[in-house]
Q: 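Below: one structure in structure tokens.
The chains referred to below are lettered A, B, ... by the order of the sequence lines, with proteins before strands, and numbering in each begins at 1.
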2 protein chains.
Amino acid sequence: MMSVKRKLTGQTKAHMEARAGVMKALAHPSRLFIVDELSHGERCVCELTEMVGADISTVSKHLSVLKRAGIVLDDKRGVQVFYRLRVPCILNFFGCVEAVLEESNRCDVEEVS
Amino acid sequence: MMSVKRKLTGQTKAHMEARAGVMKALAHPSRLFIVDELSHGERCVCELTEMVGADISTVSKHLSVLKRAGIVLDDKRGVQVFYRLRVPCILNFFGCVEAVLEESNRCDVEEVS
DNA sequence: CCGTTATTTGGCGACTTCGCCAAATAATAG
DNA sequence: CTATTATTTGGCGAAGTCGCCAAATAACGG
């Protein structure tokens with residue numbers, strides 16, 4: 001039997017690129033904040049804009065990034081557009097991210113001393 | 001009682017930036033591939049380089065990004081450096097990412113038709 | 001010490017992301 | 001139709017990311 005070492009080509013590559021697309025959408029503080037906030041229920045763009053404290057066009061673009069990645073859904077009602085999480089399991093990420101951060105802090109302190 | 005709407009400032013902002021740091025480290029196809037591979041056990045830089053199919057300096061930099069984010073640990077043994085996952089719960093991410101991707105594909109098809 | 005192998009670091013051009021402003025679009029009231 | 005409010009889109013400069021090459025560093029055998 002020949003070596004079965006998996007390589008980052010073809011289907012595997014496409015798969016990793018797809019995953020990276022989702023991660024990229026989550027790789028921004030404002031977008032993480034929005035996801036966190038949406039975990040408590042739907043919010044309109046103007047509410048999120050006030051909370052994030054950036055230009056409304058900036059927030060709108062962040063939301064469109066999350067939407068294109070498949071993380072949120074939008075729902076236009078009258079003049080307003082409400083966003084909500086499409087895949088709530090996204091929230092499970094944060095527990096692990098916190099674990100990474102706690103480990104990091106502990107070790108950073110150790111390593112610096 | 002005044003409004004308690006949370007804003008993206010101060011401590012909350014710092015917290016989201018810290019989280020985003022971890023997500024950014026995972027937001028690249030080669031790095032996701034590496035994490036996936038390390039879930040099967042430790043690997044040296046040269047093994048990963050062969051699998052990823054990029055310049056060894058590129059792979060080394062990817063590993064240093066993962067290390068600085070607190071996701072992997074390195075262990076130098078002789079001439080080689082072996083990397084391994086520090087926080088295996090990272091793997092839980094992928095299940096949810098797949099869920100996002102499946103939803104996306106389904107809806108993309110629907111929306112295009 | 002010298003050569004070899006494994007890895008990291010510096011640096012550069014190509015490309016992407018970010019946030020604001022201004023302008024376009026959409027829904028609704030009057 | 002006009003004005004108003006909510007949101008999206010286009011565009012631009014600033015900043016960050018990426019991958020390669022070349023050079024530096026590290027471990028080890030002889």
Side-chain angles (χ1 to χ4, degrees), chain A residues 5 7-9 13 16-35 37-38 42-69 71-84 111, chain B residues 5 7-9 13 16-35 37-38 42-69 71-84 111:
Chain A
K5 198 172 278 187
K7 289 207 180 180
L8 186 50
T9 58
K13 188 174 177 187
M16 292 301 152
E17 281 167 358
R19 282 184 178 179
V22 177
M23 302 305 284
K24 274 183 196 174
L26 291 169
H28 188 286
S30 299
R31 295 197 289 268
L32 285 176
F33 177 80
I34 289 170
V35 167
E37 183 59 25
L38 294 183
E42 64 176 19
R43 299 282 187 273
C44 70
V45 180
C46 54
E47 282 178 296
L48 293 170
T49 296
E50 191 199 334
M51 301 175 84
V52 169
D55 193 278
I56 188 173
S57 69
T58 301
V59 173
S60 175
K61 280 178 184 172
H62 281 313
L63 287 164
S64 104
V65 168
L66 290 171
K67 182 181 165 185
R68 207 162 340 137
I71 295 166
V72 302
L73 287 173
D74 61 338
D75 180 18
K76 184 157 197 168
R77 296 207 291 275
V79 204
Q80 293 177 309
V81 179
F82 290 86
Y83 282 85
R84 65 178 188 278
E111 283 158 14
Chain B
K5 197 172 276 184
K7 290 206 178 178
L8 187 50
T9 57
K13 188 175 178 187
M16 293 300 152
E17 281 167 357
R19 282 184 179 179
V22 177
M23 302 305 285
K24 274 184 196 175
L26 292 168
H28 188 286
S30 299
R31 295 196 290 266
L32 286 176
F33 177 80
I34 289 170
V35 167
E37 182 59 26
L38 294 184
E42 64 175 19
R43 299 283 185 272
C44 70
V45 180
C46 54
E47 282 178 296
L48 294 170
T49 296
E50 191 199 334
M51 300 175 84
V52 170
D55 193 277
I56 188 173
S57 68
T58 301
V59 173
S60 174
K61 280 179 184 172
H62 281 314
L63 287 164
S64 103
V65 168
L66 291 171
K67 182 181 166 187
R68 209 163 339 137
I71 295 166
V72 303
L73 286 174
D74 62 337
D75 181 17
K76 185 158 198 167
R77 296 208 290 276
V79 203
Q80 293 178 309
V81 179
F82 290 86
Y83 282 85
R84 64 178 189 280
E111 283 157 15

Q: Just by modelled atom types, is the A:R77 backbone N or O under 3.5 Å from a matching donor or acceptor in the A:Q80 side chain?
A: no
Q: How would you list, by chain and number, every residue that makes a side chain to side chain donor-acceptor pair (under 3.5 Å) with B:S64, sequence neighbours excluded?
A: B:R68
Q: Relative to the 5' end of DNA chain C, which residue comes earlier, B:Y83 or A:D55, by the nucleotide with the nearest heavy atom?
A: B:Y83
Q: Within this structure, what is the CZ-to-C1' distance between B:R77 and C:dT5, rounded to whole angstrom?
A: 17 Å
Q: For B:K67, give me all partners under salt bridge (Lys or Arg N to Asp or Glu O under 4.0 Å), at least two apart in sequence or on another chain.
A: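 So B:K67 forms a salt bridge (Lys or Arg N to Asp or Glu O under 4.0 Å) with B:D74.
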Q: Reading DNA chain D in the 5' to 3' direction, which nucleotide is the first one with an atom under 4.0 Å from a heavy atom of chain A, and which is the last?
A: D:dT5 to D:dG11
Q: Compile the donor-acceptor pairs under 3.5 Å between side chains in residues 48-56 of chain B and protein atoms, sequence neighbours left out, one pair per line.
A:
unit_1: B:T49; atom_1: OG1; unit_2: B:V45; atom_2: O; d: 2.8
unit_1: B:D55; atom_1: OD1; unit_2: B:S57; atom_2: N; d: 2.8
unit_1: B:D55; atom_1: OD1; unit_2: B:S57; atom_2: OG; d: 2.7

Q: My understanding is that only residues two or more places apart in sequence, or in another chain, count here; which of them pass side-chain contact (heavy atoms from CB on, under 4.5 Å) with A:R84?
A: A:E42, A:L73, A:D75
Q: Return the set of residues passing side-chain contact (heavy atoms from CB on, under 4.5 Å) with A:A18 (not counting sequence neighbours), or none when no residue passes.
A: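 For A:A18, the residues satisfying side-chain contact (heavy atoms from CB on, under 4.5 Å) (neighbours in sequence not counted) are B:L101.
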Q: Rounded to whole angstroms, how far apart are CG on A:L66 and P on C:dC18?
A: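 It is 11 Å, rounded to the nearest whole Å.
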Q: Give me the residues of residues 18-29 of chain A where at least one heavy atom lies under 4.0 Å from an atom of DNA chain D, by number, or none.
A: none
Q: Under the side-chain contact (heavy atoms from CB on, under 4.5 Å) rule, collect the residues that match up with A:H28, sequence neighbours excluded.
A: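 Checked A:H28 against side-chain contact (heavy atoms from CB on, under 4.5 Å); matches are A:S30, A:R31, A:H62.
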Q: According to side-chain contact (heavy atoms from CB on, under 4.5 Å), who are the partners of B:K13, at least two apart in sequence or on a separate chain?
A: B:L8, B:E17
Q: Do any of residues 57-65 of chain B sit with a heavy atom less than 4.0 Å from DNA chain C, and if so which?
A: B:S57, B:S60, B:K61
Q: My understanding is that only residues two or more places apart in sequence, or in another chain, count here; which of them pass salt bridge (Lys or Arg N to Asp or Glu O under 4.0 Å) with A:K7?
A: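 Residues passing salt bridge (Lys or Arg N to Asp or Glu O under 4.0 Å) with A:K7: none at all.
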Q: In whole angstrom, give the distance that lies between atom CD of B:E50 and atom P of C:dT5.
A: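 From B:E50 CD to C:dT5 P: 16 Å.
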Q: At what distance, to the nearest 0.5 angstrom, does CD1 of A:I71 lie from CD1 of A:I34?
A: 11.0 Å
